Every structure is written in C-alpha cells, then in structure tokens.
Asks: 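Quick one: this structure, given as structure tokens, is what I'll be asking you about.
Here the structure is a predicted model, which means the values were calculated and not measured. Position 1 is the first residue of the sequence, and the numbers go up from there.
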Amino acid sequence: MADIRPYLERVRERFSDPKLQDSFKTLTMLFEFPDTQQNFALAMIEGNVTLEERNAENPDVRITIGTDTLAGIMDHKVNPITAYMTRKLKVQGAQQNLVKLQKLLL
C-alpha cells in the first residue's frame with residue numbers, strides 16, 4: 001500500500017494554479033480508501049485549500065479508490081479510464097465537477 005498523503009498533497013498543490021482556482025470557487029472532495037480504512041477531505045473555499053484526514057458530509061465529489069491505484073494514476077502508471085472501467089476507481093458527483101477533477105489528478 002502506498003503512503004497516500006504525499007499524493008493528496010500534490011492534488012492540493014494543484015489547486016494553487018490560478019486557472020484551476022477560477023473554475024473551482026468552492027469544492028469539497030472526499031477520498032475514500034477502503035484498503036487503509038482512511039478518508040480524506042479536500043476542500044477549496046474561495047482560494048483557501050485544506051486537506052484533512054476526516055469524513056465530509058455531502059461532498060461535491062466522492063472518490064473511492066485504493067491507495068496503489070491513486071498513486072499509479074498520479075504517477076502515470078495506471079490508466080484512469082481502465083481503473084474506472086474495472087471499478088478500481090469509483091466517482092460520484094455532478095458531471096461538471098467530475099470533468100474538473102480530471103485536471104487535478106492528471
């Protein structure tokens with residue numbers, strides 16, 4: 001199992017891109033990792049980005065994924081489409097937020 005916090009920190013750092021900040025005024029993402037029994041909430045509220053190991057009520061996007069799969073996607077070793085099609089990556093949320101999520105992970 002990969003130590004997932006550095007990968008989530010990379011996602012958090014990508015929020016600092018001004019182009020992405022304009023498209024994400026407010027967004028809460030919940031990353032659920034069944035293999036480690038961990039949940040991380042990544043929230044952006046008007047330019048302030050937080051990453052905490054906790055659950056989030058009513059997130060805009062809910063991502064259920066194994067730690068190795070997320071690490072593989074971010075390291076460009078795992079194809080995210082294949083991960084989604086094989087149910088190693090499950091995503092719930094509004095279509096517009098899911099498209100934006102792709103910019104953060106790839």
Side-chain angles (χ1 to χ4, degrees):
M1 284 180 267
D3 177 13
I4 205 60
R5 188 171 281 280
Y7 291 95
L8 293 173
E9 286 293 339
R10 282 176 37 195
V11 174
R12 187 186 64 75
E13 288 169 8
R14 289 181 184 171
F15 271 115
S16 64
D17 182 341
K19 294 175 192 170
L20 291 177
Q21 284 185 357
D22 288 341
S23 61
F24 292 110
K25 294 295 181 195
T26 61
L27 180 73
T28 302
M29 295 188 298
L30 177 63
F31 289 86
E32 299 175 320
F33 298 100
D35 58 336
T36 60
Q37 303 297 310
Q38 293 176 294
N39 292 336
F40 287 87
L42 181 66
M44 179 174 189
I45 302 171
E46 298 188 22
N48 184 30
V49 183
T50 60
L51 174 65
E52 300 175 313
E53 186 173 349
R54 65 173 177 86
N55 208 354
E57 290 187 33
N58 303 315
D60 298 305
V61 178
R62 179 183 306 266
I63 302 146
T64 305
I65 190 170
T67 55
D68 289 337
T69 303
L70 180 61
I73 288 171
M74 295 196 64
D75 288 339
H76 303 286
K77 295 178 181 177
V78 173
N79 183 311
I81 302 295
T82 302
Y84 181 79
M85 296 301 286
T86 58
R87 312 269 303 147
K88 291 181 180 178
L89 165 63
K90 298 174 188 169
V91 183
Q92 296 174 313
Q95 184 69 31
Q96 64 203 32
N97 291 331
L98 300 180
V99 171
K100 293 174 188 176
L101 174 66
Q102 180 178 348
K103 295 176 185 176
L104 292 172
L105 296 180
L106 301 178

Asks: Going hydrophobic residue to hydrophobic residue with side-chain gaps under 4.5 angstrom, can you get from Leu30 over to Tyr7?
Replies: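 Shared cluster, no.
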Asks: In Å and rounded to the nearest 0.5 Å, what is the CD to CD distance from Glu32 to Gln92?
Replies: 8.0 Å
Asks: To the nearest 0.5 angstrom, please state how far the CZ atom of Phe40 sits from the CZ atom of Arg54.
Replies: 12.0 Å
Asks: Evaluate salt bridge (charged side-chain N to carboxylate O under 4.0 Å, His left out) for Lys88 paired with Asp68, printing each intermediate quantity in order.
Replies: CA-CA 10 Å; Lys88 291 181 180 178; Asp68 289 337; over 6 Å; no
Asks: Between Asn39 and Phe33, is there a side-chain heavy-atom distance shorter than 4.5 Å?
Replies: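 No; the side chains remain at least 4.5 Å from each other.
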Asks: Cluster question for you: counting only ILVMFWY and a side-chain heavy-atom cut-off of under 4.5 Å, with indirect links fine, are Met44 and Ile63 together?
Replies: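 Same cluster: Met44 reaches Ile63 through Ile, Leu, Val, Met, Phe, Trp or Tyr contacts under 4.5 Å.
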Asks: Kindly indicate, with the supporting measurements, whether the criterion salt bridge (charged side-chain N to carboxylate O under 4.0 Å, His left out) is fulfilled by Arg10 and Glu13.
Replies: CA-CA 5 Å; Arg10 282 176 37 195; Glu13 288 169 8; over 6 Å; no
Asks: Going from OG1 on Thr28 to CD1 on Ile45, what distance comes out if it is rounded to the nearest 0.5 angstrom?
Replies: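 So the gap between those two atoms works out to 5.5 Å.
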Asks: Would Leu89 end up clustered with Leu70 when hydrophobic side chains under 4.5 Å apart are linked, directly or stepwise?
Replies: yes
Asks: Is it the case that one hydrophobic cluster holds both Ile73 and Val91, taking links as side-chain heavy atoms less than 4.5 Å apart, direct or via other members?
Replies: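 The answer is yes; both residues are in one hydrophobic cluster.
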Asks: Roughly how far apart are Lys90 NZ and Tyr84 OH, rounded to 0.5 Å?
Replies: 11.0 Å
Asks: Once you round to the nearest 0.5 Å, how far does CD of Glu53 lie from OG1 of Thr36?
Replies: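 So the CD of Glu53 and the OG1 of Thr36 are separated by 7.5 Å.
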Asks: Any heavy-atom pair between the side chains of Leu27 and Val61 that's under 4.5 Å?
Replies: yes
Asks: Return yes if some donor-acceptor pair links the side-chain N/O of Asp35 with the main-chain N/O of Thr67 below 3.5 Å, else return no.
Replies: yes
Asks: Output the distance between atom OG1 (Thr69) and atom CD1 (Ile4), rounded to the nearest 0.5 Å.
Replies: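 So the gap between those two atoms works out to 9.0 Å.
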